[in-house]
Amino acid sequence: MTEIIKLSAVELAQKLRAGEVTSVQAVQAHLDRIAAVDGGERGVHAFLHVNAEEALAVAAEVDAIRAAGGAGAEALHPLAGVPIAIKDLIVTVGQPTTAGSKMLEGWMSPYDATVISKIRAAKLPMLGKTNLDEFAMGSSTEHSAYGPTRNPWDLDRIPGGSGGGSAAAVAAFEAPLALGTDTGGSIRQPGAVTGTVGVKPTYGGVSRYGAIAMASSLDQIGPVSRTVLDSAYLHELIGGHDPRDSTSLNEPVPSLVDAARQGLSGDLTGVRVGVIAELQGDGYEAGVQARFNESLEVLRAAGAEIVEVHCPNFKYALGAYYLIMPSEVSSNLAKFDGVRYGKRVIPADGPVTIERVMGATRAAGFGDEVKRRIILGTYALSAGYYDAYYGSAQKVRTLVQRDFDAAFEKADVLVSPTAPTVAFGLGSKTGDPLAMYLNDVATIPANLAGVPGISVPGGLSEGLPVGIQFLAPAREDARLYRVGAALESLLEKGWGGPLISQAPDLASAEKEGVA
Amino acid sequence: MAATTESLVDFDEALEKYDPVLGFEVHVELNTKTKMFSDAPNVFGDEPNTNVTPVCLGLPGVLPVVNKTAVEYSILIGLALNCKIAETCGFARKNYFYPDTPKNFQTSQYEDPIAYDGYLDVELEDGEVFRVEIERAHMEEDAGKLTHMGGSTGRIQGADFSLVDYNRAGVPLVEIVTKPIVGAGKRAPELAKAYVAAVREIVKNLGVSDAKMERGNVRCDANVSLMPKGADKFGTRSETKNVNSLRAVEHAVRFEIERHAGVLEAGQKVVQETRHWHEDTRTTTAGRPKSDADDYRYFPEPDLVPVVTTAEWIEELRARLPEPPAERRKRLKAEWGYSDAEFRDVVNAGLLDAIGETIAAGASAAVARKWWMGEISRLAKNADTDPEGLGVTPATIVELNGLIEAKKINDKIARQVLEFVLAGEGTPAEIVQKRGLAVVNDDSALGAAIEDAMATMPDVVAKIKDGKLQAIGALIGPVMKATRGQADAGRVRELVLEKLGIEG
């Protein structure tokens with residue numbers, strides 16, 4: 001059954017349709033893989049909850065429909081029966097949702113996120129919930145209250161964050177597909193450092209209903225996979241207007257699968273690719289820069305026109321992000337107070353008043369990084385500081401959007417390294433929040449402007465994956481799939497197969513670790 | 001609670017030295033089918049925590065969606081208050097921790113209210129019109145309802161535990177804020193009552209709110225400050241929260257004027273604070289200190305897109321506006337044929353709608369007025385409530401009047417029957433039947449009683465014979481007594497004249 005887990009989602013779906021593999025077999029293979037590599041002291045620890053029973057039941061249902069044939073089988077979604085992992089920030093009926101926080105330990109949502117309803121309707125068995133930095137705040141998954149996830153390429157390194165669990169699960173063949181959320185790079189940066197594909201859709205392209213809000217104006221749910229085409233299928237499934245999300249775009253989902261298939265031909269003739277001058281060079285590791293430069297050559301060889309674009313205000317983006325995001329965080333996380341659900345802490349001594357219960361609950365329930373951002377945001381929104389901090393940051397946001405507008409006059413897509421470094425060592429940056437924040441310098445501008453972005457594998461540096469990021473104008477997500485798939489197919493020709501096949505064999509590494 | 005001993009200064013004395021400045025924040029609960037940002041039902045009085053969804057409970061991951069009908073109702077209110085309607089306006093988050101607010105922020109409007117710069121012409125009891133400038137009317141959501149158990153004050157401090165009902169959480173509100181109202185002088189308390197009554201009348205007339213103050217559909221926060229007569233710099237204000245009846249608004253403003261004057265006369269400073277209104281003692285006590293710098297960390301609600309109002313939409317809504325209450329009053333006065341004084345009394349009693357409904361149910365204008373302004377108002381006063389709060393239906397009045405006209409009962413019996421109706425004994429006809437209250441129409445029984453009366457009062461009989469017909473009244477009393485009040489006075493008079501051979 002090891003063969004099954006190595007298949008891409010699209011390949012697995014074809015085998016399911018052809019009757020070569022059943023969905024129950026597929027789900028079981030992934031559950032076995034999770035059992036083999038996820039647990040233990042040096043396990044990947046991508047999953048916070050494994051949903052075996054329900055996943056197998058959904059798989060059996062798909063198999064039964066398929067076996068019965070006829071209209072029922074015809075009507076199945078192309079991804080029906082293909083298992084998927086869900087970032088534990090997205091609420092699910094029947095499985096706990098913790099947001100990686102002690103605050104929600106044991107909490108069961110009474111409702112499904114809109115994307116979960118779509119996944120249920122399409123009958124993708126849900127393997128479980130994946131680890132993340134607490135409330136999606138972090139770039140390494142080390143801020144999870146349930147312990148860090150390890151990078152399958154090197155178990156002593158971080159898998160990126162906040163969606164390290166989803167990326168690592170896909171990279172470690174524990175799931176062919178996963179859902180992530182991206183507020184400042186939480187899908188793309190983990191994709192980059194784990195050698196997987198991650199997409200942040202256009203803001204409003206995928207409903208946020210049921211994704212526990214970190215920063216509402218920046219959050220987007222998106223796909224995580226090992227191939228660009230797989231992400232395109234998943235993106236089409238979860239995208240589209242949702243009347244429960246006022247910020248969701250009221251327009252049809254673009255044809256992303258078609259765009260990815262077009263890209264796989266490897267022809268980019270006439271496509272203008274803008275290299276963002278500000279997102280390379282200083283601060284970017286040499287190995288990262290080298291893989292990036294090689295990718296540009298590949299794109300040029302495929303017929304793309306490489307142009308340089310300048311985004312002078314991007315240098316303020318990180319600062320603006322760390323005012324807007326915490327401001328929204330301070331308000332969005334106010335609801336976690338022990339009154340209605342989740343953790344409640346009664347103060348050990350002194351009077352039990354509502355304020356003291358709320359205070360004790362939040363003191364015990366939130367980790368340091370969450371508290372740091374709540375305090376920062378509360379300060380930034382305070383009377384007398386609002387204009388200087390939140391107000392100025394919103395102005396920068398407008399300037400960043402204008403930089404994008406100007407850049408997209410010259411280019412159809414923009415390109416940069418996804419992250420300035422490869423995966424760093426576990427614990428190496430936890431004591432230095434600013435250094436950690438800098439890892440998102442290239443991904444944050446897209447969130448501020450609401451434009452879509454994709455990270456695709458761009459090769460290895462010192463044996464660790466490097467990600468290449470493409471950005472497109474809002475609503476032009478299809479361009480990302482075309483260019484991303486083209487780069488993927490061309491680079492894979494050079495590598496002689498997917499980058500992920502060069503990853504170390506976790507099962508044997510696990511044995512060595514134990515020995 | 002307050003550190004200073006507060007002695008009051010008599011209202012008239014206070015007004016000799018100080019000019020009051022008023023300001024009102026009136027919250028109107030809209031009667032939309034669903035809540036402001038969720039599809040939970042907006043229904044009053046259901047079992048606690050049944051009209052809730054994940055959205056109005058603020059569960060993790062939920063998002064708000066604006067109720068279009070609530071926006072339309074808000075625009076209607078704005079138009080009726082002669083406001084400008086914003087072309088686009090957004091929502092903001094007002095951040096504060098309190099357990100009746102599930103998200104620990106209230107979604108409200110801050111810098112860009114949907115309606116602004118309006119006015120309302122308020123008619124006082126003597127017919128004088130006072131223009132109140134409206135600063136803004138904005139949309140927001142209501143909080144849940146807390147019930148504090150244990151403790152003596154009913155407040156959160158000192159309570160053993162508190163219960164919260166989120167049925168009300170997220171109910172659409174429009175908050176109407178006046179500009180400072182200067183120049184009301186001694187009429188300030190009266191104006192306060194008249195203003196709130198006028199707002200209530202407007203929203204009721206628009207059909208956008210049930211407008212029942214006793215249910216909290218219309219709630220008033222009254223701001224009062226005093227400045228020395230002739231000054232133009234406002235004094236420090238107090239804000240008396242949740243003054244929830246028209247009479248209470250009047251009393252609260254009056255009390256605060258007397259209290260402020262007392263503080264100022266004692267050489268102390270008025271503390272800027274919220275005040276709690278106590279209906280039983282008709283006084284206020286200090287709440288929490290409030291300053292203009294209360295930091296709610298407002299910022300634009302990122303989960304909602306701005307509301308855009310097209311000119312076309314606004315005109316469509318403007319066309320839906322019902323007849324304004326002032327014009328309606330003019331029309332009704334003519335239709336009902338009341339005198340100026342009669343009509344003003346009806347208006348001041350807040351009984352236009354009740355009388356209108358009673359007329360619509362079949363009563364004459366005179367009969368409707370007689371009942372509402374008479375017996376029903378008297379009963380309401382005894383019960384310390386508003387006449388409409390008694391629960392008398394137009395049908396009851398029509399039925400009672402029908403019984404009188406059919407001479408089955410007289411006025412006095414009818415009044416008793418009304419009390420039995422209110423006690424839940426049934427319809428008027430049923431009660432008359434059950435209790436055997438029908439008047440004595442039997443002329444022979446009446447005749448005997450009349451003859452007895454005439455026999456005991458020969459002097460009265462003599463007067464009548466001399467043509468002083470009003471003397472008949474003296475006979476009616478004993479006859480009523482003899483028939484235990486069930487005689488028809490008109491018939492008694494007829495029979496007396498008949499017996500004496502006088503043409504009536």
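As a basis for the values below, the full set of heavy atoms in this structure was taken, side chains included, without hydrogen atoms, waters or symmetry mates. Everything numeric here is computed off the predicted structure, so don't read it as measured data. Letters A, B, ... are given to chains in the order of the sequence lines, protein chains preceding strands, and every chain is numbered from 1.
- A 4.5 Å side-chain heavy-atom check between A/Glu328 and B/Asp303 finds every atom pair outside the cut-off.
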For this session: May I have the step-by-step check of side chain to side chain contact (heavy atoms under 4.5 Å, CB included) for A/Leu381 and B/Arg93, ending in yes or no?
Result: CA-CA 11 Å; A/Leu381 288 177; B/Arg93 292 188 183 176; over 6 Å; no

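- Checked by atom type, the side-chain pair A/Arg340/B/Tyr166 shows a donor-acceptor distance below 3.5 Å.
- Counting heavy atoms from C-beta on, the side chains of A/Tyr111 and B/Val62 come closer than 4.5 Å.
- Below 4.5 Å, heavy atoms of chain A meet heavy atoms from B/Asp39, all part of residues 31-51 of chain B.
- B/Pro302 and A/Ser216 get closest at one heavy-atom pair: CG-CB, 3.7 Å.
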For this session: Could you walk me through whether A/Arg244 and B/Leu63 pass side chain to side chain contact (heavy atoms under 4.5 Å, CB included), step by step?
Result: CA-CA 7 Å; A/Arg244 292 193 178 279; B/Leu63 297 171; over 6 Å; no

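- Heavy atoms closer than 4.5 Å to chain A are found in both the backbone and the side chain of B/Pro99.
- The closest donor-acceptor contact from the side chain of B/Lys103 to the backbone of A/Ala334 lies at 3.5 Å or more, if one exists at all.
- Contact of A/Ser331 with chain B is made through backbone and side chain together, with heavy-atom distances under 4.5 Å.
- Contact count against chain B (heavy-atom pairs under 4.5 Å) is highest for A/Asn332 among A/Leu218, A/Val352, A/Asn332.
- The shortest side-chain heavy-atom distance between A/Pro110 and B/Leu59 falls under the 4.5 Å cut-off.
- Heavy atoms of A/Ala211 lying under 4.5 Å from chain B belong exclusively to its backbone.
- The structure places CZ of B/Phe97 at 12.0 Å from NZ of A/Lys335, a figure rounded to the nearest 0.5 Å.
- No part of A/Ile90 comes within reach of chain B, as not one of its non-hydrogen atoms sits under 4.5 angstrom from that chain.
- For a residue to count as touching a neighbouring chain, one of its non-hydrogen atoms must lie under 4.5 Å from one of that chain's; by this rule A/Tyr209 touches chain B with backbone and side chain alike.
- The minimum heavy-atom distance linking A/Pro243 with B/Val65 is given by the pair O-CG2, 3.3 Å.
- The backbone N or O of B/Asp295 lies less than 3.5 Å from no partner atom in the side chain of A/Ser382, so there is not a single donor-acceptor pair.
- For A/Pro351, no part lies under 4.5 angstrom from a heavy atom of chain B.
- In this structure, OH in B/Tyr98 is found 13.0 Å from CG in A/Asp337, a value given to the nearest 0.5 Å.
- Chain B forms more heavy-atom pairs under 4.5 Å with one residue of A/Thr378, A/Leu104, A/Asp245 than with any other, namely A/Thr378.
- To the nearest 0.5 Å, atom CD of residue B/Glu301 and atom OG of residue A/Ser217 are 10.5 Å apart.
- Counting non-hydrogen atoms of other residues, nucleotides and ligands closer than 6.0 Å to OH of A/Tyr386 gives a total above 12.
- With a 4.5 angstrom heavy-atom cutoff, A/Asp219 does not touch chain B via any of its atoms.
- Residue A/Tyr385 does not touch chain B at all, counting heavy-atom pairs closer than 4.5 Å.
- Minimum interatomic distance between B/Val305 and A/Ser246 (heavy atoms only, all atoms of both residues): CG1-O, 3.8 Å.
- Heavy-atom neighbours of B/Lys269 NZ from other residues, nucleotides or ligands within 6.0 Å: at or below the threshold of 12.
- Heavy atoms of other residues, nucleotides or ligands lying less than 6.0 angstrom from CD of B/Glu87 number 12 at most.
- Nearest heavy-atom pair, B/Gly58 versus A/Tyr341, reported as atom, atom and distance to 0.1 Å: O-OH, 3.0 Å.
- No part of A/Thr97 comes within reach of chain B, as not one of its non-hydrogen atoms sits under 4.5 angstrom from that chain.
- Dense packing is recorded around NZ of A/Lys371, with more than 12 heavy atoms of other residues, nucleotides or ligands lying under 6.0 Å away.
- Between the OG atom of A/Ser330 and the CZ atom of B/Phe105 there is a distance of 10.0 Å, given to the nearest 0.5 Å.
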